[in-house]
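Note that the numbering runs from 1 along the sequence shown for the chain. A quick note: this is a predicted structure, and the numbers were derived from the prediction, not measured.
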Amino acid sequence: MEMERAVEFPHTNMDRRPRKRQRLGWDVVPQAPKAQVGLFYGQDIGNLNGFTSKAPSDNTSSLFVKGVARNGSPPWRPDDKDGHFMFAVGDNLTSRYKIMSKMGEGTFGQVLECWDKERREMVAIKIVRGIKKYREAAMIEVDVLQQLGKNDIGGNRCVQIRNWFDYRNHICIVFEKLGPSLYDFLRKNNYRSFPIDLVREIGRQLLDCVAFMHDLRLIHTDLKPENILLVSPEYVKIPDYKGSSRSPIDSSYCKRIPKSSAIKVIDFGSTTYDRQNQTYIVSTRHYRAPEVILGLGWSFPCDIWSVGCILVELCSGEALFQTHENLEHLAMMERVLGPMPQHMLKRVDRHGEKYVRKSRLDWPDGAASRDSIKAVLKLPRLQNLIMQHVDHSAGDFIHLLQGLLRYDPSERLTAREALRHPFFTGDNLRR
């Protein structure tokens, strides 16, 4: 097999999935933003245990020589209109870090690839928007990361925080640099599915991380392929004959498989401790549990539902529930998994009652359009979907998914129970 480093995929215009959500991955093709020169409020700081908001004094300009600060920092620049940090590739981020490229962007801010001059290694730095609510959320994330790091002996489950500091009114969190997200690997691989043995290895690690977090009474609430990173960017190429009569030397009919199955979970900005009566909306749409949509309250099992959706996506190459509307989403669940239990539909809150009529889902009568009805009807049952992609272990995998995707969160498998499932422990492994 050919081995190479997954630096750049040659395919273009491959994102054919109807996903409209904002990308939050860390591994978008780097784009150098245009530098904007101006005055910025804040102060360069190294390691801090608190916040600062000291504005520059009137003689700030005396700190600069030919547009560059004497301490190596770039000129002051204003944030953009949304509070995002403005920078130029090659800028210093404090005297310790040098900005090499932009890796990704999301509602929280941006992630930059930087050279750590002290440790002499590349790192990923999450620069949070300079807005109060995002700064406060970032400090909660720092607290969670530090707790996870303290308890994750060996650091093999969650991305490791290296450092954090407050720079020009932006909380900056320094992470180890990892490989691409599972979503980006799928996307750049033209959404070709992963082999079932690789799905098994990734699933075992993901559930181990979830079990670890749940033992600490923490709920991630935003598990998705974008928030699961391969540790290494390297991959191998293998022929992909499925659906093709062309020659295997045609690179379009080769697919990439990660050289290592090692993964780490990232993005703990939405992580919360378990509390009573949590009913606000969590999770990215495609991975959102039914109890969240129906307003029934949620807890640890919402993470388990997300894991089930992720494993189906890795196996098939496509998101299980490709929708952007609640009633259609619930109808898709019933199409794939069967009818929802009436005791859940009877308990819906005022936000969810519009999706239910006479203790049944108001479908198709409540459908927004004929196209919506067609989108639901074209979905296969879970068993049929898996059988299309899995040559062996299909029975155990289907049974596992049925446990992860049970409607009633009280009946859903826990992460520890899932890890003891025959799919992970059976004799069919690595045939």
Side-chain angles (χ1 to χ4, degrees), residues 15 17-26 106-108 158 181-187 191 193-194 199 202-203 205-207 209-211 213-214 218-229 263-272 278-337 340 352 375 379 382 385-386 400-409 412-415 418:
D15 199 346
R17 287 195 278 187
R19 294 184 173 206
K20 297 179 183 177
R21 66 182 185 271
Q22 191 171 19
R23 288 303 323 287
L24 299 180
W26 290 12
T107 54
F108 61 84
C158 308
S181 71
L182 294 182
Y183 173 79
D184 267 10
F185 197 95
L186 280 169
R187 179 176 61 84
Y191 300 110
S193 60
F194 285 178
V199 174
I202 291 174
Q205 295 172 79
L206 179 55
L207 284 163
C209 179
V210 171
M213 292 188 66
H214 290 183
L218 291 168
I219 311 171
H220 189 285
T221 78
D222 197 21
L223 293 171
K224 55 186 176 181
E226 288 91 330
N227 287 340
I228 305 166
L229 267 55
I263 60 165
K264 290 192 180 185
V265 174
I266 67 164
D267 196 351
F268 301 93
S270 302
T271 298
T272 182
Q278 298 185 110
T279 58
Y280 59 90
I281 298 297
V282 292
S283 305
T284 298
R285 158 68 69 190
H286 300 69
Y287 313 94
R288 187 174 295 155
E291 65 269 22
V292 177
I293 300 172
L294 294 171
L296 301 177
W298 51 266
S299 185
F300 302 107
C302 76
D303 280 346
I304 301 300
W305 179 276
S306 299
V307 171
C309 294
I310 291 166
L311 295 185
V312 174
E313 186 166 347
L314 297 182
C315 166
S316 68
E318 294 287 340
L320 179 56
F321 302 116
Q322 296 186 26
T323 177
H324 298 278
E325 194 271 321
N326 283 334
L327 181 56
E328 183 180 88
H329 194 171
L330 294 168
M332 285 182 165
M333 291 179 184
E334 288 203 331
R335 180 73 178 175
V336 174
L337 302 168
M340 292 190 182
L379 291 176
L382 179 66
L385 174 63
I386 299 305
L400 169 68
L401 292 173
Q402 289 171 334
L404 299 175
L405 296 173
R406 287 176 186 157
Y407 288 123
D408 190 334
R412 215 167 286 156
L413 292 175
T414 67

Q | Thr279 side-chain N/O to Gly295 backbone N/O, donor-acceptor pair under 3.5 Å | A | no
ask   = Any side-chain heavy atom of Leu320 sitting closer than 4.5 Å to one from Leu405?
value = yes
Original post:
Just by distance, do the side chain of Ser270 and the backbone of Thr221 share a donor-acceptor pair under 3.5 Å?
Top reply: no
When rounded to the nearest 0.5 Å, the distance separating CZ of Phe185 from OH of Tyr191 is 13.5 Å
Practice item. Please tell me if the side chains of Tyr407 and Glu334 come closer than 4.5 Å, counting only heavy atoms from C-beta onward. Key: yes
One should read off an interatomic distance between Lys224 NZ and Asp267 CG, to the nearest 0.5 angstrom, of 7.0 Å
One should read off an interatomic distance between Ile304 CD1 and Arg406 CZ, to the nearest 0.5 angstrom, of 11.5 Å
One should read off an interatomic distance between Met340 CE and Met333 CE, to the nearest 0.5 angstrom, of 5.5 Å
Between Ser316 and Ser193, the two heavy atoms sitting closest are C-CB, 3.7 Å
Q: Look only at the side chain of Gln278 and the backbone of Ser299, and say whether a donor-acceptor pair between them is shorter than 3.5 Å.
A: no
Closest non-hydrogen contact found for Ser181 with Pro225 is CB-O, 3.6 Å
field: Glu313 and Leu182, any side-chain heavy atoms less than 4.5 Å apart
entry: no
Using only heavy-atom distances, determine whether the side chains of Asp222 and Thr284 contain a donor-acceptor pair under 3.5 Å. yes
Heavy-atom closest pair (Leu401 atom, Leu311 atom, distance to 0.1 Å) is CD2-CB, 4.0 Å
Note, Cys302 side chain near Pro409 side chain (heavy atom, < 4.5 Å):
no
Review point. How far apart are the C-alpha atoms of His324 and His286, what are their side-chain angles, what is the distance that settles it, and do they pass the side-chain contact (heavy atoms from CB on, under 4.5 Å) test?
Key: CA-CA 8 Å; His324 298 278; His286 300 69; 4.0 Å; yes
Within the structure provided, determine whether Leu385 and Leu379 are in side-chain contact (heavy-atom separation under 4.5 Å). no
Can any side-chain N or O of Trp298 pair as donor or acceptor with the backbone N or O of Ile293 at less than 3.5 Å? no
Residues Leu382 and Leu337: closest non-hydrogen pair is CD2-CD2, 3.9 Å
In terms of heavy-atom contacts, Asn326 and Arg285 come closest through OD1-NH1, 2.6 Å
| Heavy-atom side-chain contact between Thr414 and Phe300 under 4.5 Å | no
Can you tell me how the ring of Phe268 sits relative to the ring of His220, calling it parallel under 30°, perpendicular over 60° and tilted otherwise?
perpendicular
Output for pair (Leu327 CG, Met332 CE), nearest 0.5 Å, gives 11.0 Å
Contacts of Glu328 meeting salt bridge (Lys or Arg N to Asp or Glu O under 4.0 Å) (sequence neighbours excluded), chain-then-number -> none
Task: Note, Leu404 side chain near Trp305 side chain (heavy atom, < 4.5 Å) - done: no
Mind checking whether Phe321 and Arg288 have side chains closer than 4.5 Å, heavy atoms only? no
One should read off an interatomic distance between Ile310 CD1 and Ile228 CD1, to the nearest 0.5 angstrom, of 4.0 Å
Sorted by chain and number, sequence neighbours left out, side chain to side chain donor-acceptor pair (under 3.5 Å) with Arg412 holds for Glu291
Next on the checklist: If you apply the rule side-chain contact (heavy atoms from CB on, under 4.5 Å), what do you find for Val210 with Val265, and how did you get there?
Outcome noted: CA-CA 9 Å; Val210 171; Val265 174; over 6 Å; no
